[in-house]
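One structure is given below, encoded as structure tokens.
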2 protein chains.
Amino acid sequence: MKIKEVATISGVSVRTLHHYDEIGLLSPKKSSDSGYRIYTDHDLSTLQQILFFRALDFPLKKIKEIMSDSHYNQLEALEMQEKLLLKQRQKLDEMLETIQKTIQNEKGVYQMSNNEKFKGFDFSHNPYEKEARQRWGDQKVDEAKQNAGNMTPGLQEEMNQIYRDLAEIRDIDPKSDQAQTAIQKWYEFLNQHFTTYSPESFQGLGMMYVQDDRFTKNIDQFGEGLASFMSAAMFEFGKNH
Amino acid sequence: MKIKEVATISGVSVRTLHHYDEIGLLSPKKSSDSGYRIYTDHDLSTLQQILFFRALDFPLKKIKEIMSDSHYNQLEALEMQEKLLLKQRQKLDEMLETIQKTIQNEKGVYQMSNNEKFKGFDFSHNPYEKEARQRWGDQKVDEAKQNAGNMTPGLQEEMNQIYRDLAEIRDIDPKSDQAQTAIQKWYEFLNQHFTTYSPESFQGLGMMYVQDDRFTKNIDQFGEGLASFMSAAMFEFGKNH
DNA sequence: CTTGACTCTTACGTTACGTTATACTTTAGT
DNA sequence: ACTAAAGTATAACGTAACGTAAGAGTCAAG
């Protein structure tokens, strides 16, 4: 298929497809004689994936990073995307509530507090950030970013050990028993020393590992790709608990 | 309230508030001695409005234009926003369906067409554009943009007359009987000579008049503010039919 | 074989802020 | 009253994800 057709089917502009080619996000083969971009069905599926991520406000850079990761698994990605979309729908519903209350407020039927006026407006661009901040406590998140500043040395070492153990096996299947056992240690560690994570919010935390650079960078210090491995393992863990 | 507090309550950054001040979208009073921005409760409500529009992907320029219009009515705006949010939720639901089908497709349970892969992805940034395009037919929309090219001169004149009549009364209340009678002529004209509009899609068309520059500019040639007047009148008309 | 519709690359423009940098103000603690 | 910390101001450059326009080659229908 040529570019216009792809644009029409998918609803994005030709320029957008050019752009995605430029940044290496979606680079179709080029007809050797004309130089035209030729998109295959597989390219279309990739585009669909990209658009799903984009709809969830992932920056293109992150999308590229995630999708070109060696552990990338389309099915898992789709399941994550579904979760995130559901979150987004919740936010939308909150906004609708807020708007309805505001209408009542305007009509004088109901009196709204300032805080209520902004319920549903989560502009962190990351559906899990707020949640994670609440759980880790604001400092903790900021410190995790700066390499977990104020833990006791013993705790810090215990944590590092878990990371190192995970880093060693980061090439196996995140769904395998071995990976799941290892990630369970992480789950238990967090539950013991930080806050109680439900399996669901543990999944959410895992998603942040790939979404949020502050996490990705820190974790990947123990081995490149560890964040994405842990994220996948945590997602799987959440499904089974 | 000082800027940080507003930022915290509303969830936007301080920089964003600075920016909105810079472009004249939300300019609070400044403390005469310190030079600090002081936000009132009214400013907060304005901010809420801005954020609603922003959540609906209105560009800031448009938001400013709409909100500073002399006909601007907060209650009407809220009702429009509610409608648009509901539209957006529909889209989200479609996307969720698409994702679920894609998962089935990946698992091999179900075979998906290329078109199906992108259902729910409407990236026109304007929930009504697609709809309007379908109704007017693609050419018509593009021609409306270029001043309605290929109508018969008679029809063109009839249309212009309706515009002129509306322009003359554009300062009265869009909800008044007089305005509603005038807008009904427009409704009937469209239904006779173009496509059948349901009251709902007539509302949608009206929303485009303020959202989409191609419409705004053309319509406002008959008098500044006509587009916004018609939009409000059409919205009201839709509610009563 | 000629158009009109596509396509290519190049390159500058735009929107909505993020991110320093530097300097003044306010507030909380001693 | 004094000082550090936190908040605020302006200024200015940076960035992300395309839009838009220009100039030139390519393809498909009549």
Side-chain angles (χ1 to χ4, degrees), chain A residues 1-39 43 47 50-51 53-65 121 123-126 129 138-139 142 145 211-214, chain B residues 1-39 43 47 50-51 53-65 121 123-126 129 138-139 142 145 211-214:
Chain A
M1 310 169 67
K2 280 180 289 182
I3 201 164
K4 178 81 184 298
E5 196 182 347
V6 176
T8 312
I9 292 179
S10 66
V12 306
S13 74
V14 169
R15 176 65 178 96
T16 297
L17 293 171
H18 280 165
H19 184 59
Y20 291 172
D21 191 0
E22 269 173 42
I23 63 174
L25 184 55
L26 177 59
S27 304
K29 298 242 160 96
K30 290 200 178 186
S31 160
S32 51
D33 41 340
S34 67
Y36 287 7
R37 276 163 261 254
I38 307 298
Y39 292 82
D43 288 327
L47 178 58
I50 293 171
L51 295 186
F53 278 120
R54 199 183 66 165
L56 293 162
D57 292 309
F58 281 58
L60 298 186
K61 217 184 197 175
K62 264 289 162 197
I63 300 181
K64 187 181 172 186
E65 215 177 291
F121 288 91
F123 292 111
S124 53
H125 278 302
N126 179 337
E129 182 154 352
D138 272 24
Q139 319 139 327
D142 288 334
K145 150 182 152 195
Q211 259 186 77
D212 192 319
D213 272 334
R214 294 170 308 186
Chain B
M1 310 168 67
K2 281 180 290 182
I3 200 165
K4 177 79 183 300
E5 196 183 346
V6 175
T8 312
I9 292 179
S10 66
V12 305
S13 72
V14 170
R15 176 65 176 97
T16 297
L17 293 171
H18 280 165
H19 184 59
Y20 291 173
D21 191 0
E22 269 173 42
I23 64 174
L25 183 54
L26 176 59
S27 305
K29 297 243 159 96
K30 290 200 179 186
S31 158
S32 50
D33 41 340
S34 67
Y36 287 7
R37 276 164 258 254
I38 306 298
Y39 292 82
D43 287 328
L47 178 58
I50 293 171
L51 295 185
F53 278 121
R54 200 183 66 165
L56 292 163
D57 293 309
F58 281 59
L60 299 185
K61 216 183 196 175
K62 263 291 162 196
I63 300 181
K64 187 180 170 186
E65 214 178 294
F121 288 91
F123 293 111
S124 53
H125 279 300
N126 179 335
E129 180 154 354
D138 271 26
Q139 320 139 324
D142 287 334
K145 151 182 151 193
Q211 259 185 78
D212 193 319
D213 271 336
R214 296 171 305 188

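Order of the sequence lines fixes the chain letters, A, B, ..., with proteins taken first and strands second; residue numbering starts at 1 for each chain.
- A close approach under 4.0 Å does not occur between any side-chain nitrogen or oxygen of A/K4 and OP1 or OP2 of C/dT7.
- Note: NZ (B/K2) to C1' (C/dC24) measures 13 Å, nearest angstrom.
- In this structure, A/L26 atom CG and D/dA17 atom P are separated by 15 Å, rounded to whole Å.
- Atom-to-atom, CD of A/E22 to P of D/dC18 comes out at 11 Å; the value is rounded to the nearest Å.
- Side-chain N/O atoms of A/S34 include none lying less than 4.0 angstrom from OP1 or OP2 on C/dT7.
- One can place CZ of B/R15 at 12 Å from P of D/dA9, the figure rounded to the nearest angstrom.
- B/R54 has no side-chain polar atom (N or O) that falls below the 4.0 Å cut-off from OP1 or OP2 of C/dA16.
- The nearest whole Å value for the distance from the NZ atom in B/K30 to the C1' atom in C/dT26 is 17 Å.
- Whole-Å rounding puts the B/I63 CD1 to C/dT15 P distance at 13 Å.
- Here A/Y20 does not reach the OP1 or OP2 of D/dA17: none of its side-chain N or O atoms lies under 4.0 Å away.
- Side-chain to base pairing of A/R37 with C/dT7: no donor and acceptor N or O lie closer than 3.5 Å to each other.
- Salt bridge B/E65/B/K62: present, at least one basic N to carboxylate O contact under 4.0 Å.
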